[in-house]
Amino acid sequence: MTDVVQRTEGEGKAATHTHPSVTHSHDHWHVSHHHKDGFGDDFEHRTYWHTHSHNHNELTHSHDYPQADEEREHAKEAHIHDHAAPTESPA
């Protein structure tokens with residue numbers, strides 16, 4: 001598998017930084033969008049949450065909120081991962 005080089009096209013209030021890959025467990029959220037009846041782009045968010053071991057691959061990014069908040073509030077973020085293999089890297 002070829003590594004993808006990550007970078008940012010500018011920086012937010014938190015400088016560009018890299019998080020190493022990690023496997024851990026915590027309650028995490030999933031969000032889906034459900035179209036309401038009628039026409040247009042009227043959607044509602046539906047959320048659910050659960051806990052199991054899962055991984056996050058290395059990530060390089062920047063953002064506009066304090067970096068200290070990022071680690072402390074990680075479990076409040078919606079997560080996407082393969083539930084059939086939640087601790088494996090994508091092929």
Side-chain angles (χ1 to χ4, degrees):
M1 185 165 118
T2 304
D3 290 333
V4 174
V5 176
Q6 298 180 39
R7 60 188 171 82
T8 62
E9 291 287 337
E11 290 189 348
K13 294 177 182 176
T16 298
H17 57 281
T18 300
H19 298 271
S21 61
V22 63
T23 298
H24 60 193
S25 294
H26 58 77
D27 215 18
H28 62 272
W29 297 85
H30 295 269
V31 179
S32 60
H33 296 90
H34 288 262
H35 192 259
K36 295 181 179 181
D37 292 334
F39 295 102
D41 59 355
D42 195 13
F43 287 86
E44 67 181 29
H45 289 101
R46 292 187 182 176
T47 59
Y48 66 92
W49 56 95
H50 59 190
T51 300
H52 60 78
S53 292
H54 63 279
N55 71 317
H56 299 280
N57 291 327
E58 183 178 273
L59 173 66
T60 298
H61 67 170
S62 182
H63 41 76
D64 287 330
Y65 50 88
Q67 192 166 342
D69 292 353
E70 183 175 22
E71 294 295 328
R72 185 178 66 248
E73 298 181 356
H74 173 75
K76 294 180 179 181
E77 296 177 4
H79 287 57
I80 298 171
H81 53 256
D82 179 357
H83 280 92
T87 61
E88 296 179 14
S89 297

Exercise for the section: Could you please spell out the steps behind the side chain to side chain donor-acceptor pair (under 3.5 Å) verdict for H28 and H30? Expected result: CA-CA 7 Å; H28 62 272; H30 295 269; 3.3 Å; yes

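Going from atom OG1 of T16 over to atom CD of E9 covers 10.0 Å, rounded to the nearest 0.5 Å. Separation of atoms CD (E11) and NE2 (H63) is listed at 10.5 Å; rounding is to 0.5 Å.
Looking at R72, H74, E73, Q67 one by one, the single match for side-chain contact (heavy atoms from CB on, under 4.5 Å) with E70 turns out to be Q67.
Defined by atom type and a distance below 3.5 Å, a donor-acceptor pair is present between the side-chain atoms of H19 and H17. A donor-acceptor pair shorter than 3.5 Å cannot be found between the side chains of H33 and H35. There is no side-chain donor-acceptor pair under 3.5 Å between S62 and T8. A donor and an acceptor atom, one from each side chain of S32 and H34, are located under 3.5 Å apart.
Looking at every heavy atom in both residues, S25 comes nearest to T51 through CB-CG2, 4.5 Å. Pairing each heavy atom of P86 with each of H52, the nearest pair is CB-CE1, 3.5 Å. Residue D64 comes nearest to G12 through the heavy atom pair OD1-CA, 3.1 Å, listed as atom of the first residue, atom of the second, then distance. The two residues A75 and W29 have their closest heavy-atom pair at O-CD1, 3.4 Å. The heavy-atom pair separating Q6 from T60 by the smallest distance is OE1-N, 2.8 Å.
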